[in-house]
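So the structure is just underneath, and the comments pick up after that.
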There are 2 protein chains.
Amino acid sequence: MVTKQQLKDLPEDADLRRADSLAREIFSDVANKWALLIIEALGDRTRRFSELRDEVEGVSHKMLTQNLRMLERNGLVDRKVHPTVPPRVEYTLTEAGRALRKTVDGLCDWTHRYLGHIEDARRRFGA
Amino acid sequence: MVTKQQLKDLPEDADLRRADSLAREIFSDVANKWALLIIEALGDRTRRFSELRDEVEGVSHKMLTQNLRMLERNGLVDRKVHPTVPPRVEYTLTEAGRALRKTVDGLCDWTHRYLGHIEDARRRFGA
DNA sequence: CGGCATCCTCACGGATACTG
DNA sequence: CAGTATCCGTGAGGATGCCG
């Protein structure tokens with residue numbers, strides 16, 4: 001639904017709001033467990049679909065395909081199909097993907113650095 | 001189910017696996033849209049429950065409570081109840097929470113820096 | 001091997017209402 | 001104002017099967 005207020009907005013405002021909603025959309029895409037684990041697993045070299053399924057512990061065939069599509073659509077991974085038989089599909093992080101990976105690495109570091117704190121906090125919370 | 005292999009594992013190995021599974025659990029807790037948005041919204045000063053609900057666009061009462069509990073349990077936010085009427089509850093990032101926020105900031109920066117790339121990638125993917 | 005479609009389940013999450 | 005409980009629909013996501 002389009003409100004009167006929205007119709008009165010200036011073009012620049014509309015642009016800003018569009019960029020914001022796009023940013024939120026990307027954030028939602030990327031801020032999810034599987035996407036981040038896949039990006040982490042891709043690391044700095046290219047992987048096959050089946051390698052990823054083995055390395056990303058607990059991911060289902062479906063979730064892997066789905067998230068890889070999403071990452072490809074957003075230009076974070078590059079998908080290379082070798083027309084052999086049997087098929088061979090390789091995934092590689094793009095420049096944008098590698099940049100994202102840096103921040104994911106940060107998240108992993110954080111997790112391990114604060115593991116102890118968190119365990120303590122949980123024990124205290126239990127009481 | 002406990003396998004024979006698991007029974008043969010040395011204690012150190014067991015510890016490592018426990019730490020890993022805990023790390024994965026924390027990762028799953030934290031790598032979700034609402035948790036990250038809430039941490040970002042908390043910023044560097046303390047906020048009331050209702051302030052958070054206003055600032056985290058689109059979050060429901062329920063999701064906010066639920067995620068705040070989770071963050072509190074993991075020692076990422078501190079919850080301070082003022083026994084006044086009406087009640088006043090304030091949330092603040094702990095040291096661990098502030099450290100996490102740094103990496104979330106990185107994620108936000110990344111989102112904005114690559115917004116253009118991503119838009120382009122999507123257009124190309126559409127074809 | 002990798003992708004896609006289908007079915008089916010269950011838990012995530014919204015809406016609502018009641019308490020302190 | 002903040003928290004908890006309940007109800008309930010929807011969709012995320014697992015399992016399976018077939019295709020190129």
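Just so we're on the same page: letters track the sequence lines, and every chain starts at 1.
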Lys/Arg N to Asp/Glu carboxylate O, A:R123 vs A:D120, below 4.0 Å = yes
Carboxylate-amine/guanidinium contact B:R101 B:D105, below 4.0 Å = yes
Selection: residues 32-68 of chain A, any non-hydrogen atom under 4.0 Å of DNA chain C | A:R48, A:F49, A:S50, A:H61, A:K62
For a quick test of your reading: what N or O donor-acceptor pairs under 3.5 Å do the side chains of residues 40-47 of chain B make, sequence neighbours left out?
residue, atom, partner, partner atom, Å
B:R47, NH1, B:E55, OE1, 2.3
B:R47, NH1, B:E55, OE2, 2.9

A:R69 CZ to C:dA5 P: how many Å, rounded?
-> 11 Å
Rounded to whole angstrom units, what separation is found between the CZ atom of A:R88 and the C1' atom of D:dG20?
-> 18 Å
What do you reckon, is CD of B:E57 surrounded by more than 12 foreign heavy atoms closer than 6.0 Å?
-> no
Is the phosphate of D:dG3, meaning OP1 or OP2, less than 4.0 Å from a side-chain N or O of B:Y91?
-> yes
Kindly say if B:R79 contacts the phosphate of D:dG3, meaning a side-chain N or O under 4.0 Å from OP1 or OP2.
-> yes
Rounded to the nearest 0.5 Å, what separation is found between the CG atom of B:L115 and the CD atom of A:E25?
-> 10.0 Å
Contacts of B:Y114 meeting ring-ring contact (aromatic ring centres under 6.0 Å, His included) (sequence neighbours excluded), chain-then-number -> B:W110, B:H117
